[in-house]
Amino acid sequence: MICMLFDSVRTIVSDALDRLGLGDVEPTIELPRHESHGDAATTVALQLARRLGKSPRAIAEEIVTAMQPDPDRIAAVDIAGPGFINFRFRPRYFADVLARILQQGKQFGFSDRYNGKRANVEYVSANPTGPLHPGHGRNVALGDSIARLLEAVGYRVTREYYFNNAGRQMQNLARSIYARYRQLLGDTDYPFDEENGYRGEYIFEIARQVIAQYGERLREETDDALTICRSVGEQWCFASIRRTLERLGVHHDVYFNEHSLYIDGNIEQTITALRELGLVYEKDGATWIATTKLGLENDRVIVKSSGEPTYRLPDMAYHCIKLSRGDDLVVDVFGADHIATIQEVLAAVRALGYDTSRVRVVLHQMVTFMKEGVPFKLSKRSGEQYTLDDLIDELGADVVRYFFVMRAAETQLVFDLDLARQQSETNPVFYLQYAHARICSVFANARELGVESGTMDQHHLDGIEHPAECALIRTLAQFPDTIERAAEQLAPYVVADYLHTVAEAFHTFYHECRILGAPTDEIVRVRLALADATRTVLHNGLHVLGVGAPERM
RNA sequence: GCGCUCAUAGCUCAGUUGGAUAGAGCAACAGCCUUCUAAGCUGUAGGUCGCAGGUUCGAGUCCUGCUGGGCGCGCCA
């Protein structure tokens with residue numbers, strides 16, 4: 001969809017180009033950077049300069065002469081600088097745009113562009129070895145907002161969580177739990193693996209749960225005892241992770257267990273297929289994949305000399321499965337530490353004949369938490385970890401989600417805990433939420449005063465005239481375009497940025513134009529309609545970010 | 001050393017895919033509440049877009065080199 005604000009302008013320019021025999025040219029209309037340059041601009045004359053062998057200004061003159069703008073809606077058309085054509089709108093133009101926004105009601109901003117398309121978004125994918133870490137928060141918020149963005153443009157989205165409950169890390173977890181179990185039973189000198197063990201307080205909690213369920217029956221160290229510890233640990237960790245995700249409003253449709261790849265034979269199949277392609281060889285007792293033949297720098301081990309596959313092989317099998325499901329888009333949300341791995345995996349999957357152009361990888365950089373101007377240490381004394389749950393306790397889910405998506409994924413995010421903690425003034429989340437609450441409050445007052453804010457006919461919109469009203473409409477009109485651009489780029493921060501400009505435009509409007517105390521009933525109705533449209537944009541935009549839109553603050 | 005990535009106001013970041021005079025928030029300074037939420041609004045100040053070349057009508061944006069951060073480069077995941 002093309003920005004609705006510019007539809008009429010585009011038609012005017014297109015018609016003029018037609019008349020000049022340039023009907024094949026698609027003019028792009030853009031918002032000028034400076035307000036002094038008008039409400040809309042086209043660079044089409046600059047782009048045609050080379051093709052026509054004329055100066056851009058001369059071309060601009062010809063185009064402008066050939067145009068037939070509606071004088072009720074277009075106040076001025078100027079040629080500026082090297083050949084920009086600038087348009088200035090009359091309030092009537094903005095009234096048209098507002099009417100179209102109101103027509104779309106609560107659906108405004110959401111599009112059906114990708115209706116019938118399916119997307120899979122894999123995110124979180126933390127193994128069940130402990131509670132989520134604050135750093136996971138960025139992956140959680142980013143992945144979920146991307147899923148919401150894709151839904152906003154019409155995709156049917158599956159949210160997927162990939163996990164491994166069988167590997168070395170889980171063995172470490174089991175041993176850690178078992179050690180604490182024995183220590184709690186009085187074997188205080190039972191050794192704890194300081195190097196590989198999980199040190200958190202939660203391990204004791206799990207161990208206490210083992211005691212509650214099994215008493216002292218596991219005192220004899222057997223494989224069974226470790227299996228039980230692993231199983232109890234896995235359940236405990238998953239419960240913890242799900243509880244944290246729940247608090248952030250995040251739900252997955254599919255939990256994919258890496259282990260199932262072994263049971264279902266996908267691992268075997270994958271390695272056989274790679275072998276048939278001549279990409280597999282044995283060296284030093286291990287099995288290698290010749291990723292150098294696929295344009296990468298090094299070959300990698302896919303089966304260790306112990307006979308155990310490395311994580312790469314199941315990752316390849318898993319991506320083959322994801323690509324064979326028929327989704328139109330497969331999104332992986334990973335931390336920057338996966339950068340090398342994902343290249344190898346995709347190279348192998350491509351060699352196996354899958355269309356990896358459907359895969360889009362969102363790699364986010366790491367998060368630094370700052371407190372009082374210095375990096376905040378996430379481990380407390382006693383080795384206890386500060387968790388994502390603790391962060392939510394401290395800041396609330398809305399602030400946590402917003403802060404993790406408000407910057408582009410590829411920047412190293414600095415999470416300012418002091419700024420986030422502020423319940424007033426400077427917190428960027430509250431700025432948006434406050435605008436929403438303010439509007440709700442106006443409508444509450446309107447109801448009390450018996451002001452009808454019913455349906456809007458177009459002729460009621462003639463009351464638009466204040467610059468702040470026009471500026472607000474101009475901003476609101478960019479919402480559908482913003483959502484599409486954000487979805488295209490898989491970049492929720494685009495929406496966060498945009499919502500800030502919406503809130504700003506609204507607060508200015510609110511300050512300069514009284515709504516309920518406007519001079520005439522007609523203006524009251526128009527301004528209520530404008531406030532209502534703003535409320536919809538804020539509500540829908542915040543929804544995409546997974547942030548609540550409170551009615552009162 | 002190699003790969004990926006980033007470098008824009010004191011700090012944190014935008015910059016609509018190559019367009020006009022570089023944009024916000026925080027911090028600083030000065031104003032605005034007897035009227036719909038002051039968690040707000042208005043204004044001032046703050047810049048050699050890391051450095052050097054190149055591409056063209058035009059570069060913060062694209063290409064090359066350099067400098068400096070981050071991440072990765074193990075039969076860990």
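Convention: sequence-line order gives letters A, B, ...; per-chain numbering from 1.
The distance between atom CZ of A:Arg514 and atom C1' of B:C36, rounded to the nearest whole Å, is 5 Å. As rounded to whole Å, 20 Å separates atom P of B:G3 from atom CG of A:Asp337. With rounding to whole Å, A:Asp315 atom CG is found 10 Å from B:A77 atom P. Atom pair A:Arg485:CZ and B:U16:P shows a separation of 8 Å (rounding to whole Å applied). Summarising the geometry, the separation between NE2 on A:His511 and P on B:C32 is reported as 12 Å, rounded to the nearest angstrom. The distance between atom CE of A:Met370 and atom P of B:C13, rounded to the nearest whole Å, is 10 Å. One interatomic measurement links the two molecules: CG of A:Leu31 to C1' of B:A14, which rounds to 15 Å at whole-angstrom precision. One atom, CD of A:Glu344, and another, C1' of B:G72, lie 10 Å apart when rounded to the nearest Å.
Counted by atom type alone, A:Glu344 and A:Thr291 present zero donor-acceptor pairs between their side chains at under 3.5 Å. A:Gln478 and A:Thr482 share no side-chain donor-acceptor pair at under 3.5 Å. For the residue pair A:His364 / A:Asn139, a side-chain donor-acceptor distance below 3.5 Å is found, with atom types taken as modelled. A donor-acceptor contact closer than 3.5 angstrom is absent between the side chains of A:Asp332 and A:His338. For the residue pair A:Glu268 and A:Tyr262, no side-chain donor N or O sits within less than 3.5 Å of a side-chain acceptor on the partner. There is no side-chain donor-acceptor pair under 3.5 Å between A:Asn266 and A:Tyr318. A:Asn127 and A:Gln169 share no donor-acceptor pair across their side chains, judged by distance under 3.5 Å alone.
Atom C1' of B:C75 sits at a distance of 39 Å from the matching atom of B:G65, rounded to the whole Å. Distance noted for atom P between B:A52 and B:A14: 24 Å (whole Å). When the P atom is compared between B:A22 and B:C63, the two are found 24 Å apart, to the nearest whole Å. B:U44 and B:U37 have their P atoms separated by 29 Å, with the value rounded to a whole Å. As rounded to the nearest Å, B:U55 and B:U64 have C1' atoms that lie 11 Å from one another. Taking atom C1' in both B:A39 and B:A45, one finds a spacing of 25 Å when rounded to whole Å. Taking atom P on both B:G46 and B:G10, the two are 11 Å apart, rounded to the nearest angstrom. Annotation: B:G72 and B:A77 have their P atoms spaced 16 Å apart (nearest Å).
Using a 4.0 Å heavy-atom criterion, one finds that A:Arg552 contacts the bases of the nucleic acid, with or without backbone contacts as well. Residue A:Gln412 is in base contact, counting any heavy-atom pair closer than 4.0 Å across all strands shown. A:Glu308 comes within contact range of no nucleotide atom at all, as no heavy-atom separation falls under 4.0 Å. Residue A:Asp416 is out of contact with every strand shown, counting any heavy-atom pair closer than 4.0 Å. Counting any heavy atom pair closer than 4.0 Å across all strands shown, A:Ala286 reaches a base atom. Using a 4.0 Å heavy-atom distance criterion, A:Glu551 is classed as a base contact. Nucleic acid contact for A:Cys513: base, since at least one base atom lies under 4.0 Å from a heavy atom of the residue. Nucleic acid contact class of A:Thr411 (heavy atoms, under 4.0 Å, all strands): sugar-phosphate only.
In this structure, A:Tyr431 reaches the B:C41 phosphate: one of its side-chain N or O atoms is under 4.0 Å from OP1 or OP2. When the side-chain nitrogen and oxygen atoms of A:Lys304 are compared with OP1 and OP2 of B:C76, one or more of them lie within a distance under 4.0 Å. The side chain of A:Tyr510 contributes no N or O atom lying less than 4.0 Å from OP1 or OP2 of B:U42. Taking side-chain N and O atoms only, A:Asn427 has no distance below 4.0 Å to OP1 or OP2 of B:G25.
A:Phe509 and A:His466 have their aromatic ring centers separated by at least 6.0 angstrom.
Where A:His338 and A:Thr508 meet RNA chain B, the nucleotide closest to each residue was compared, and A:Thr508 sits on the side nearer the 5' end. Heavy-atom distances to RNA chain B give each of A:Val494 and A:Glu410 a nearest nucleotide, and the one nearer the 5′ end belongs to A:Glu410.
A:Trp288 and A:Tyr281 have parallel rings, their planes meeting at less than 30° on a 0 to 90° scale where 60° marks the start of perpendicular. A perpendicular orientation is assigned to the rings of A:Phe163 and A:Tyr161, their planes being inclined by more than 60° (bins at 30° and 60°).
The side chain of A:Arg407 sits closest to B:C13 out of B:C13, B:A14, B:A77. Considering only side-chain atoms of A:Asn445, the nucleotide from B:C75, B:U37, B:G70 that sits closest is B:U37. Distance from the side chain of A:Gln343 is smallest to B:C4 among B:C13, B:C4, B:A39. Checking B:G70, B:U37, B:A14 against the side-chain heavy atoms of A:Asp497 singles out B:A14 as nearest.
Between the base of B:C75 and the side chain of A:Ser305 there is a donor-acceptor pair shorter than 3.5 Å. Judged by distance alone with a 3.5 Å cut-off, a donor-acceptor contact links the side chain of A:Tyr311 to the base of B:A77.
Annotated as anti: B:U42, whose glycosidic dihedral deviates from 0 by more than 90°. In textbook terms, a nucleotide whose glycosidic angle is within 90° of 0 is syn, while B:C29, being further out, is anti.
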List every contact pair, protein side and nucleotides 19-22 of chain B side both N or O, where the distance is under 3.5 Å.
residue, atom, partner, partner atom, Å
B:A20, OP1, A:Arg33, NH2, 2.7
B:A20, OP2, A:Arg33, NE, 2.9
B:A20, OP2, A:Arg33, NH2, 2.5
B:A20, N6, A:Asn86, OD1, 2.9
B:A20, N1, A:Asn86, OD1, 3.1
B:A20, N1, A:Asn86, ND2, 2.9
B:U21, O2', A:His34, NE2, 3.1

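Within a 6.0 Å sphere centred on CD of A:Glu30, other residues, nucleotides and ligands contribute more than 12 heavy atoms.
By the 6.0 Å and 45° rule, A:Arg535 stacks over the aromatic ring of A:Phe443.
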Under the 3.5 Å Watson-Crick or G-U criterion, the dot-bracket string of RNA chain B, with | for inter-strand pairs: (((((((..((((.....[...)))).(((((.......))))).....(((((..]....))))))))))))....
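Salt bridge absent: A:Glu522 and A:Arg527 never bring a charged side-chain N and a carboxylate O closer than 4.0 Å.
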